[in-house]
Structure formats: structure tokens, C-alpha cells
Amino acid sequence: MVSQVQEKLKNFEILPFQKELIQWYKQEKRNLPWRKDQDPYKVWVSEIMLQQTRVDTVIPYFNQFIHKFPTIDALANADEEDVLKAWEGLGYYSRVRNLQSAVKEVKENYGGIVPNDPDEISKLKGVGPYTKGAILSIAYNIPEPAVDGNVMRVISRILTIWEDIAKPKTRKIFEESIYQLISQEDPSSFNQALMELGATICTPTSPSCLLCPVREHCAAFHEGVQKELPVKSKKKKPKAVQMAAAVLYDQEGNLYIHKRASTGLLANLWEFPNSEVQTTSPTLQSIREQLTYSLEEEYGVTVQLSELSGTIQHIFSHLIWNISVYFGKVEAAPNLQRVTVAELERYAFPVSHQKIYKLFMARD
DNA sequence: GAGACGTGGCT
DNA sequence: TAGCCAAGTCT
């Protein structure tokens, strides 16, 4: 495959391509908050936030995050609670736990300076091949490829690469291509230009080829196959899971919440006590009975739950939660965290449990 | 290497 | 609507 790329690059006008692409980028680039300077820390934070996440979603999170944690030192010294709270609603929460862990590593072992060595930076938690290349090129102007979904889409069209970009090994083909194509003078602009082009012109479904600054270099455009590329195999459907959750409250209006495990789904976030339930159980227990039993077993809480108060659906990338929600008045719940409504806003909740809380607040 | 890991927006 | 997507990484 790599030799195929070499073949395609034989008659490719690399220098004009670089020049036209970079010139377009410098003229048309969006004014984004992480482009105000080249601070490696801010570049790093932005790259982690942007993983699998839209620019428009990231902008307000980035601004608030940098306001709260302006430096490596600030983030290294912060409480994880506060860090997760700043990430609340962004998803893929291990990203920020890894980021804080890596920042501590940089503070302790690299004197607070983000390493500019490919092997050293790769050792940091949460820094994979893409983020490595992005930080090295954008913050340090080192000619390393930063191959994300945009770059695979753009390059697959430019060079008509028909490999399935959903396969992990395919990324290497694009990295090889970029090593050949990347500007040695301005790798930062080159890499960002490729991503910018993918985000604004060379889009997935209907690319605006007539506006493209490098369409004359694009094999897919010349062959009229830009909409057939890139090739990407389909992912399978998320699996539905039946859940039940209880909003427990007491006489004083306190609520009782639980901190999730430190690994796996939504790690270290807070939630209302809940349980997965069987809807196909041979004993045919009702969901409410299963939840009552589970509250007793898991949290030692004995409670008379309300009738079904509502249902929430929450769709993750790999599963679907259908949550039956109940309310319950308790005297106390020793194994759960008691909080006032005012205190609740200091705890980070996944969106699914924010929905549950809204249901509770809307009760009459 | 396939699956886990979130969320909200778009077609 | 159901599916796909958006600047991936870890296990």
C-alpha cells in the first residue's frame, strides 16, 4: 500500500500544492480561540477537546476551561471534581482525566514544559498519534503528520486512496503520504490547512470542489469520484439496555447521589442511584421491584418508591439507556452522598442524569 | 484489531 | 426518521 502511495506521488506537484493550500489557509482560516497563540498547553487542551467533537461545541468549553485552568500548573494542581465539572457535557470523560494525569506528568518530569520529542510526548496519557503530530506541528513547528478524519478524507480524495479509513492500519498510509507532502517551512499551517479544508470545503457528503484551492491537484475531482471517497465501513448499532433510577430526597429537601466507578463508562461522574434491570426475566419482576431490591442491596436503602414518574432515553455511541425514573422519600442514606440542591451544581453529572434531575424538578 | 468510550447536530 | 457524523485513544 505504501508503495502505491509512492507511485501516486511520483507526478504530484508537491511544492505548488503546499503553496496553494497554505496561502488559502492563511487567507481563509477561521478565527478560533486556540489560534490566538501557540502556547503548547492551549494547543494540547484544544486538540483533546476537539477529538470526535465539533468546533462549535468546543469553543465555549475551551474558553471556560482555559479561564479556570490557564496553565499546566493550574490544571495539575486542580481537584479532579472541578476538572470533570469543567468537562461536563463534552463527553468522553476519560479524555480530561488522562489530560490532567499527563499534565501532572509534564509538571513533575519535564519541568512544566510540554516535550517536543515525538517519543516523549507519545508517552503522555491520552496523546495518541494524531494529538502527538498536532502538538508537535502546531506548537513547535515540527514536520510531523497529524492524521485525523479530515486529513484522511482530504488525502483519500486528492490521491484516490480506496482503503477503508475505519480500519486502524489504514492511518499509516495517510501518515506516509503526509511525510511526503508536508511543508518543511510551515508544517503548522500545512497540517491545520488540511484539517480546515476538510472541515469547510472538502466535507463528507457534498464537497464544494468549485471553491477548493487545490482541486487541480485532486485526482478524485478529475475523475469525478469525490463523493465516493473516502471508503468507510459502517459501525454497528448501539445495544438497548433497560435501566431504572431513583431520585431519593429527604424531609429537608436534600438529594442522595452516588459517585461512579473510576474506570469504564462515565468514570468518576456522579449519578442518581440506579440499576440495570431485566425486562425478560423469567420471574417477571416489575422494574420498580427490581430497583427497590437493588437499592437495598447496593446502597442499603429501604424506601417506598413512587409509581413510575417518567422515562428517559439516552443514546451513547455504543449503547442506549432506557431509564425508568422513580422518586422516593428517605430519612437518610448512609452509603450515598447527601447534597442540597444548591450544592448539586458542584458535581459533574452525565447528560443522562441531568435529564433525570430535570424530570424531578418538573414534578408537581 | 474490534469494541468501549459521549454528546449534539445534521440530513 | 435512523443513521452518520466531529480535529481519537485505550484496551
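Residue numbers begin at 1 in each chain, while the letters A, B, ... track the order of the sequences.
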Atom-pair distance (OH on A:Y92; P on C:dC5), nearest Å: 13 Å

side-chain hydrogen bond (donor to acceptor under 3.5 Å, both in side chains) partners of residues 230-242 of chain A, not counting sequence neighbours, each pair once: A:D164-A:S233, A:Q242-A:S324

Side chain to side chain donor-acceptor pair (under 3.5 Å) against A:E175, all qualifying residues, sequence neighbours excluded: A:R171

Under 3.5 Å: donor-acceptor pair, side chain of A:Y61, backbone of A:E88: yes

Side-chain hydrophobic cluster, 4.5 Å single linkage: members besides A:L210: none

Sugar-phosphate only, base, or nothing, as touched by A:L99 at under 4.0 Å among non-hydrogen atoms: nothing

Side chain to side chain donor-acceptor pair (under 3.5 Å) partners for A:K329, two or more places apart: A:Q251

Whole-angstrom distance between C:dA6 and B:dC5, as gauged at atom C1': 15 Å

Under 3.5 Å side-chain donor-acceptor pair for A:T131 and A:R95: no

Using atom names, set out every protein N or O paired with an N or O of nucleotides 8-11 of chain B below 3.5 Å, distance rounded to 0.1 Å.
residue	atom	partner	partner atom	Å
B:dG8	N2	A:R54	NH1	2.4

Side chain to side chain donor-acceptor pair (under 3.5 Å) against A:E345, all qualifying residues, sequence neighbours excluded: none

Cluster companions of A:V301 among Ile, Leu, Val, Met, Phe, Trp, Tyr (side-chain spacing under 4.5 Å): A:L248, A:Y256, A:V277, A:I287, A:L291, A:L295, A:Y299, A:V303, A:L305, A:L308, A:Y326, A:V330, A:L336

Distance, rounded to the nearest Å, where A:H318 contributes NE2 and C:dC5 contributes P: 19 Å

C1' atoms of C:dC5 and C:dT1, separation to the nearest Å: 16 Å

Side chain to side chain donor-acceptor pair (under 3.5 Å) against A:W321, all qualifying residues, sequence neighbours excluded: none

ILVMFWY cluster membership beyond A:Y92 - transitive side-chain contacts under 4.5 angstrom: none

Under-3.5 Å N/O pairs linking protein and nucleotides 1-3 of chain C:
residue	atom	partner	partner atom	Å
C:dG3	OP1	A:K237	NZ	3.3

With sequence neighbours excluded, residues passing ring pair (Phe, Tyr, Trp, His ring centres under 6.0 Å) with A:F69: A:F65

Nucleotide C:dG8, atom P - distance to CH2 of A:W44 in whole Å: 18 Å

Exam field: side chain A:N191 to backbone A:E144, donor-acceptor pair closer than 3.5 Å: yes

Distance in angstrom units between A:F62 CZ and C:dA6 P, rounded: 22 Å

Under-4.0 Å side-chain N/O to phosphate OP1/OP2 contact, A:R153 with C:dC5: no

Sugar-phosphate, base or nothing in reach of A:G264, heavy atoms under 4.0 Å: sugar-phosphate

Minimum-distance nucleotide (side-chain atoms of A:D148 versus C:dA6, C:dG8, B:dG6): C:dG8

Nucleotide of B:dG6, C:dG8, B:dA4 approaching A:F316 most closely (side-chain heavy atoms): B:dG6

Sugar-phosphate only, base, or nothing, as touched by A:W321 at under 4.0 Å among non-hydrogen atoms: nothing

Close approaches to DNA chain C from residues 120-137 of chain A, in residue order (heavy atom, under 4.0 Å): A:K125, A:G126, A:V127, A:G128, A:P129, A:Y130, A:T131

Over 12 non-hydrogen atoms of neighbours within 6.0 angstrom of CD in A:E13: no

Whole-Å distance separating the CE atom of A:M152 from the C1' atom of C:dG8: 9 Å

Per A:K236 side chain, nearest of listed nucleotides B:dA2, B:dT7, B:dG3: B:dG3

Under-4.0 Å side-chain N/O to phosphate OP1/OP2 contact, A:Y61 with B:dT7: no

Sugar-phosphate only, base, or nothing, as touched by A:R97 at under 4.0 Å among non-hydrogen atoms: nothing

Closest-nucleotide ordering on DNA chain C, the 5'-leading residue of A:N98 and A:L50: A:L50

A:I165 CD1 to C:dC5 C1', straight-line distance once rounded to whole Å: 11 Å

Rounded distance in Å - CH2 (A:W87) to P (C:dT9): 13 Å

Touch class at under 4.0 angstrom, heavy-atom based, for A:L266 against every strand present: sugar-phosphate

Touch class at under 4.0 angstrom, heavy-atom based, for A:R260 against every strand present: nothing

Distance-only donor-acceptor test, A:T53 side-chain atoms vs B:dG6 base atoms, 3.5 Å: yes

Span that lies between the P atom of C:dT9 and that of B:dG8, in whole angstrom: 22 Å

Integer-rounded Å distance: C:dC10 P and A:L265 CG: 18 Å

